[in-house]
Amino acid sequence: MIIPPRQNFCENMGGMSETLGYMEKRTPKPSQRLFTAIIAAALEICVKADDSVLPNKIIMQESCINLLKTMSVKVFAGKVWKTGFFQKAGFPQALTRSPSRPAVSRFLRLPETSQKIPGIIQWFVCIKVYKGLNVHLCYFINANLQEANVMKNFIPFLSTAILISFLFLAGVPYGYAMDKAVDSAKMKQTVVTTNPDEKISSGKNIVYCSTFQLAWNELAGSIIKGDIHLVGETLLSGVLNKFRSIITKNDLSSKDYVAMAGYGKDKIVNRINAQLSKKFGKEAWTVKEKLNPDDILAFSFLMKNLAFKTQFDDNPTGMRFNSGSDVVKAFGILKFQGRSEKMAELSKQVDILYYNKEKKEFIVRLITENQNEELILAAIEPDGNIYQTWKKAEKTAASVAPAKLGPDDILQIPEIDLFIDHSYKELIGKRVKNKGFGQYQIAKAQQVTKFKLDKTGAFLKSKAEILMVKGMANFESKKLIFNKPFLLYMKEKKGKNPYYMMWVDNPEVMVKN
């Protein structure tokens, strides 16, 4: 690809990006101001040079980020930093604290700077400019860049911007948009639990997935041969033993999960990864643990992709959830009019299982292309804990015949997008009491869960790892608008229990509009 002359350069960057789709990012932290200012300075010069007008929104999608991740970003960035290039080039240290575009521009114009910066870089760089220009960017710098009819002083600007971008993209998390799990400790309004009896409290989201229970079951059944008892029993270990015979693999299709446990000497990591590759290919989260021969690893992985045959509509204005001030993204049906072909298709995807106008309660089933799955949202009063609330929803829905959408009915559902890494710290360091395992302690008890609900469907991916090591471890018309607390759960029709449940009580897990 040959980059065109400068009068079309900026427009060409926009055109290349428009095919990629949208991905939102959060406001950068102070440590990211530096490369933001550099990108903005480079773009400002580009725009002023040719009087072209950049699109207001150059859009991009997750595939761009995924491509970025496949490259040796950390190695590349690390080598550049270790050379001392930026220090030797006279990079003002003050810029790292509060950079300005003029200051960055002056630095980039230094002859010694432009001499040291390579003019040919073959990388994708995806970032969002939060200051100066409100645009999304996704550049492809080709080997022909140096030969293109682009003003000479623009090459060092853009090249430096890319280098700095790599440094920060390699080391500073962007939040959800960078496809990186957020530490659950940073989410103050969301509780991650493996306890179906988790009590519902006002203002708190609850995220439950059965993967950690499945890993515990494998450890207990395949290795310990019974309930797992710890020195200094915890409430969590008691709950896991209690539900060992209730929440099981019988609730899931074998094609959707992997659950195994074994010793390092038996090459359990290789066996797990082989099963993951066979069932899920590159979509699986593989095991990266390096085990000693006597180490014991229990692992489970679950993935569900439930797509709607017909996409629902976006709500262009979003919604306010639970009377909060934040506006979040929403999808559904603004007003049902059965005359259109699309409305007829959407009607097939919605069952109203319960509707009580006086109580302002309703339960809706969203029907996906997978006929063996159920995706249900229940805006009902909670019944103590999340498991009892699920039972209440099932009983309530079974008490009346399902109905379809009628004229002028409204269905609005907030988009949910979460990616959480949770460590069950109350288990870590606990010694095992079971006979024959007295030398073992739990060194790792981790669960990672990714869930997304939008107009296209629901996607769930979750894994859990439990590592035990010997010795001491160191580590009127119906308005079905879900703008108030609700229960969301997913289960297989043949399963007795849900494999995923959420009590949604605040917008922390939603997508801001």
Side-chain angles (χ1 to χ4, degrees), residues 193-198 206-218 220-222 239-240 242-261 275-276 278-280 283-284 298-309 348-354 363-378 380 383 385-404 447 449-453 457-464 486-503:
T193 183
T194 191
N195 180 10
D197 287 337
E198 186 72 33
I206 299 174
V207 177
Y208 165 88
C209 191
S210 63
T211 45
F212 196 84
Q213 181 71 62
L214 296 181
W216 185 271
N217 294 353
E218 289 298 310
S222 301
V239 167
L240 290 165
K242 170 186 173 181
F243 281 92
R244 193 163 73 86
S245 60
I246 300 173
I247 307 296
T248 70
K249 295 183 292 188
N250 296 330
D251 294 322
L252 297 166
S253 299
S254 59
K255 63 181 178 62
D256 294 328
Y257 75 90
V258 168
M260 301 172 67
Q275 281 296 309
L276 290 170
K278 180 180 178 181
K279 289 189 178 183
F280 304 103
E283 290 291 327
F299 176 88
S300 74
F301 177 84
L302 170 66
M303 189 170 79
K304 296 277 189 176
N305 192 359
L306 311 183
F308 300 127
K309 183 178 180 181
K348 297 177 183 178
Q349 296 179 174
V350 180
D351 282 341
I352 303 173
L353 303 182
Y354 173 76
I363 303 174
V364 169
R365 173 166 56 212
L366 302 181
I367 302 169
T368 65
E369 290 186 295
N370 191 329
Q371 297 300 310
N372 296 320
E373 300 281 348
E374 290 192 325
L375 174 57
I376 297 176
L377 289 77
I380 59 176
D383 188 11
N385 62 52
I386 191 170
Y387 195 68
Q388 290 299 324
T389 304
W390 163 69
K391 286 186 174 181
K392 176 183 177 180
E394 289 275 282
K395 183 178 180 180
T396 303
S399 65
V400 295
K404 301 304 290 186
Q447 184 178 36
T449 301
K450 182 179 180 69
F451 178 75
K452 185 173 180 65
L453 175 69
F459 176 78
L460 171 67
K461 186 188 286 190
S462 181
K463 73 168 183 177
F486 64 91
L487 172 73
L488 179 154
Y489 62 91
M490 299 166 68
K491 65 181 285 292
E492 293 191 3
K493 289 183 177 179
K494 66 178 180 61
K496 292 182 179 180
N497 298 286
Y499 54 80
Y500 184 78
M501 294 187 288
M502 279 189 73
W503 179 255

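- Residues passing the salt bridge (Lys or Arg N to Asp or Glu O under 4.0 Å) test with Asp383: none are found, sequence neighbours excluded.
- No side-chain donor-acceptor contact under 3.5 Å links Lys496 to the backbone of Thr248.
- The side chain to side chain donor-acceptor pair (under 3.5 Å) test applied to Thr389 returns no partner, not counting sequence neighbours.
- When the side-chain contact (heavy atoms from CB on, under 4.5 Å) test is applied to Lys404, the partners found at least two apart in sequence or on another chain are Ser347, Asp351.
- For Lys304, the side chain to side chain donor-acceptor pair (under 3.5 Å) partners two or more places apart in sequence, or in a different chain, are Asp256, Glu373, Glu492.
- In this structure, Ile367 and Gln371 approach most closely via the heavy-atom pair CG2-NE2, 4.3 Å.
- Classified by interplanar angle (parallel below 30°, tilted 30° to 60°, perpendicular above 60°), the ring pair Phe301/Phe299 is parallel.
- The shortest heavy-atom contact between Tyr257 and Phe280 is N-CZ, 3.6 Å.
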I'd like a table of donor-acceptor pairs (distance under 3.5 Å, sequence neighbours excluded) in which one partner is a side-chain atom from residues 206-214, with atom names and distances.
unit_1	atom_1	unit_2	atom_2	d
Thr211	OG1	Gln447	NE2	2.7
Thr211	OG1	Ser462	OG	2.8
Gln213	NE2	Asn217	OD1	2.9
Gln213	NE2	Leu240	O	2.9

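- At a threshold of 4.5 Å between non-hydrogen side-chain atoms, the residues Trp390 and Asn497 count as touching.
- Here Asp197 contributes atom CG and Gln388 contributes atom CD; the two are 7.0 Å apart, rounded to the nearest 0.5 Å.
- From Lys255, atom NZ reaches atom CE of Met303 across 9.5 Å, with rounding to the nearest 0.5 Å.
- Salt bridge Glu374/Lys493: absent, no basic N to carboxylate O contact under 4.0 Å.
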ask   = Stepwise, does the side chain to side chain contact (heavy atoms under 4.5 Å, CB included) test hold for Met260 with Ser222?
value = CA-CA 8 Å; Met260 301 172 67; Ser222 301; over 6 Å; no

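- Of all heavy-atom pairs spanning Met490 and Leu375, the tightest one is CG-CD1, 3.8 Å.
- Residues Thr194 and Val239 form no side-chain contact, since every pair of their non-hydrogen atoms from C-beta on lies 4.5 Å or further apart.
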task = For Glu198 and Tyr387, run side chain to side chain contact (heavy atoms under 4.5 Å, CB included): C-alpha distance rounded to whole Å, both residues' side-chain angles, the deciding distance at 0.1 Å, then the answer.
result = CA-CA 8 Å; Glu198 186 72 33; Tyr387 195 68; over 6 Å; no

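- The NZ atom of Lys494 sits 7.5 Å away from the CG atom of Asn250 when rounded to the nearest 0.5 Å.
- Atom CG of Leu252 sits about 9.5 Å away from atom CD1 of Ile247, to the nearest 0.5 Å.
- For the pair Lys279 and Ser254, the tightest heavy-atom approach, listed with the atom from each and the gap, is NZ-O, 2.5 Å.
- Between Lys491 and Tyr499, the closest heavy-atom pair is CA-CE2, 3.5 Å.
- Annotation: the span from Trp503 atom CH2 to Ile386 atom CD1 amounts to 8.5 Å, rounded to 0.5 Å.
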Sequence neighbours excluded and cut-off under 3.5 Å, please list the side-chain donor-acceptor pairs for residues 393-400, or say none.
unit_1	atom_1	unit_2	atom_2	d
Glu394	OE2	Tyr489	OH	2.6
Thr396	OG1	Lys392	O	2.7
Ser399	OG	Thr396	O	2.5

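- A 6.0 Å sphere centred on NZ of Lys278 holds no more than 12 heavy atoms belonging to other residues, nucleotides or ligands.
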inquiry  = Working note: Glu218 + Lys249, criterion side chain to side chain contact (heavy atoms under 4.5 Å, CB included); need CA distance, chi angles, decisive distance, verdict.
reply    = CA-CA 10 Å; Glu218 289 298 310; Lys249 295 183 292 188; 3.0 Å; yes

request  = List the steps, then state whether side chain to side chain contact (heavy atoms under 4.5 Å, CB included) holds for Gln349 with Leu366.
outcome  = CA-CA 6 Å; Gln349 296 179 174; Leu366 302 181; over 6 Å; no

